[in-house]
*Asks:* 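The structure that follows is given in the form of structure tokens.
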There are 2 protein chains.
Amino acid sequence: MPTADKPTRSKTTLTDIAYTRLREDILSGRLEPGLKLRVEHLKTHYGAGASPIREALSRLTGDGLTIAEGRRGFRVAEVSNAELMDITELRVLMETRALRMAIEAGDDEWEALVLASFHRLSKLDERLAMEQPGEEWEERHRDFHNSLVSACQSRWLKNFRDILFDQSERYRRLALANGPGKRDVAGEHKQIMEATLDRDSDRACDLLAAHVQETADAVANSDWVCD
Amino acid sequence: MPTADKPTRSKTTLTDIAYTRLREDILSGRLEPGLKLRVEHLKTHYGAGASPIREALSRLTGDGLTIAEGRRGFRVAEVSNAELMDITELRVLMETRALRMAIEAGDDEWEALVLASFHRLSKLDERLAMEQPGEEWEERHRDFHNSLVSACQSRWLKNFRDILFDQSERYRRLALANGPGKRDVAGEHKQIMEATLDRDSDRACDLLAAHVQETADAVANSDWVCD
DNA sequence: GGTCAATACTTTATCGATAAAATTAATTTT
DNA sequence: AAAATTAATTTTATCGATAAAGTATTGACC
């Protein structure tokens, strides 16, 4: 399960650092799909010994971001249109289910969190306008989507949702690296936020589902070499 | 993701062995919930060095069977009625969805597999009659349930289903270790199998959902100290 | 008697070294 | 020259040792 932003008080370890950095490098596409991950090389790059590196890779394999082939090491997970569709279909299911539960259970604190994270994202949207979304935008974007489902009581649902969110994010960042995208994403976020705070589950879920699906469609339709 | 019964040709490694054995020991309850897993001890018990053991534990943590607390090692994941309900609810969703897809996509080979694995399970059911289900029954039982969804095309759905299957199995084996259970489980399997081969999705899913839910209820109602 | 801190003891996380396996290159055979 | 061997090189998986962190113990002090 993704341990990147776990709020536990567990002390940070070299494995954690390697995991977090490797994860970000895979999600951003800096480590491209299919790339062989040689431990010797990663050791120098991430400043850790073989054990922490291998442990981090084991975790990432659990998240489906890398794959492990016994006796022949690790590589970055491949991508394909077929898998994108699989991920998206399941993610829509999980996201909407989690959102419904969050709307059901969310309290004032949750509302405040949703509003605040939306605000931070939209301010960044304004400022960046037509620019490339950078690391910070990705961070805020993730925070916003996390805030929506943060009031969902189901640990397991959120766990799986998190994994699929990461998967989707990787596809999006791989495909839209320089494709601008002509959708009004900021507006979609706004509508989702409003419907959510209105406690209009049906509408919020429909909007969120469309948001996820349309992003996937944009990825699939971007000129993109795969399979 | 669970790598226990992956059909890839990847050579088996010490980490794989440790993973498989630890997993079985946790599912069977030999390693009880909350137990501290000291690497030094596991090293001698499973005959491997610290690195393979730690790697195996990292994988298990991804499956939610152990938890890792930075700088203070690993322990077997705790259990609670609340989590059992969470797991069950989500598992019903996944199992039925996967079964529906399998019924939709399954070919003759799949039908043969379902029938064969049901047969092996039911033969064992007859022979054991009222006895404790042992390791072999668990194996056959798992094979049967796996066969049902084996024709499902969605990798990710099956991945998550597998994880939740393991979780459910642990709860069941923990709770029903000596409680006999007065349900006709073999009969339930038969009905599920028949509805599935009849390609009656609605009925098969209803039966499977009830099967999963009733097992969970039996676990919850067994005299069982937890939370 | 209970609290606190200094000390001794475990355990974890991590490194560096190495045998086994896989890959690549070189060489021979058909 | 293509295929098959064999040799050389790289890479993985794994072990044993160790520093850093955590936990338990002891004993002084109020």
Side-chain angles (χ1 to χ4, degrees), chain A residues 1-4 6-23 25-26 31-62 65-78, chain B residues 1-4 6-23 25-26 31-62 65-78:
Chain A
M1 35 185 77
T3 45
K6 209 171 40 172
T8 45
R9 45 70 192 262
S10 48
K11 299 289 186 298
T12 170
T13 172
L14 269 194
T15 299
D16 294 327
I17 296 170
Y19 171 80
T20 306
R21 291 193 48 198
L22 272 163
R23 177 168 164 279
D25 286 344
I26 292 171
L31 296 174
E32 66 197 62
L35 184 70
K36 189 88 212 300
L37 295 168
R38 266 180 232 85
V39 177
E40 201 57 31
H41 179 240
L42 300 180
K43 267 169 63 174
T44 61
H45 194 301
Y46 296 96
S51 321
I53 296 287
R54 287 186 60 87
E55 238 176 275
L57 290 170
S58 295
R59 288 203 218 167
L60 288 166
T61 301
L65 290 173
T66 58
I67 56 171
E69 297 160 298
R71 289 277 175 213
R72 73 189 59 162
F74 298 86
R75 52 180 62 248
V76 180
E78 299 279 3
Chain B
M1 30 186 82
T3 45
K6 208 171 37 171
T8 45
R9 45 71 192 260
S10 49
K11 299 290 186 297
T12 170
T13 171
L14 270 194
T15 300
D16 295 326
I17 296 170
Y19 171 80
T20 305
R21 291 194 48 198
L22 272 163
R23 177 168 165 280
D25 286 345
I26 292 170
L31 296 174
E32 66 196 61
L35 183 70
K36 189 87 210 300
L37 296 168
R38 264 179 233 86
V39 178
E40 201 57 32
H41 179 239
L42 301 180
K43 267 169 61 174
T44 62
H45 194 301
Y46 296 97
S51 321
I53 295 288
R54 287 186 59 87
E55 240 176 273
L57 290 170
S58 294
R59 289 203 216 165
L60 288 165
T61 301
L65 290 173
T66 58
I67 56 171
E69 298 160 297
R71 290 272 175 217
R72 76 188 59 162
F74 298 85
R75 52 180 63 246
V76 179
E78 299 280 2

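Letters A, B, ... are given to chains in the order of the sequence lines, protein chains preceding strands, and every chain is numbered from 1.
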*Asks:* To the side chain of B:Pro52, which of C:dT12, D:dC15, D:dT12 is closest?
*Replies:* D:dC15
*Asks:* Any ion pair linking A:Arg21 and A:Asp16 (charged N to carboxylate O, less than 4.0 Å)?
*Replies:* no
*Asks:* Please check the phosphate of D:dA13 (OP1 and OP2 only) for any side-chain N or O of A:Arg54 closer than 4.0 Å.
*Replies:* yes
*Asks:* To the nearest Å, give me how far apart NZ (B:Lys36) and P (D:dG22) are.
*Replies:* 12 Å
*Asks:* Reckon B:Thr13 has a side-chain N or O less than 4.0 Å from the OP1 or OP2 of D:dT12?
*Replies:* no
*Asks:* Please determine, for the side chain of B:Arg72, which listed nucleotide (D:dC15, D:dT23, C:dT14) has the closest atom?
*Replies:* D:dT23
*Asks:* C:dC15, D:dT14, D:dT12: which one has an atom nearest the side-chain heavy atoms of A:Glu40?
*Replies:* D:dT12
*Asks:* Which part of the nucleic acid does A:Lys43 contact within heavy-atom distance under 4.0 Å: base, sugar-phosphate only, or nothing?
*Replies:* nothing
*Asks:* Which nucleotide in the set C:dC15, D:dG22, D:dT11 lies at the smallest distance from any side-chain heavy atom of A:Ser51?
*Replies:* C:dC15
*Asks:* Using a 4.0 Å heavy-atom cut-off across all strands, classify B:Leu37 as base, sugar-phosphate, or nothing.
*Replies:* sugar-phosphate
*Asks:* Go nucleotide by nucleotide along DNA chain C from the 5' end; which of A:Gly49 and B:Val39 gets its closest nucleotide reached first?
*Replies:* B:Val39
*Asks:* Do any side-chain nitrogens or oxygens of A:Thr15 fall under 4.0 Å of OP1 or OP2 in C:dA13?
*Replies:* no
*Asks:* Using a cut-off of strictly less than 4.0 Å, decide whether B:Arg71 has a side-chain nitrogen or oxygen near OP1 or OP2 of D:dA21.
*Replies:* no
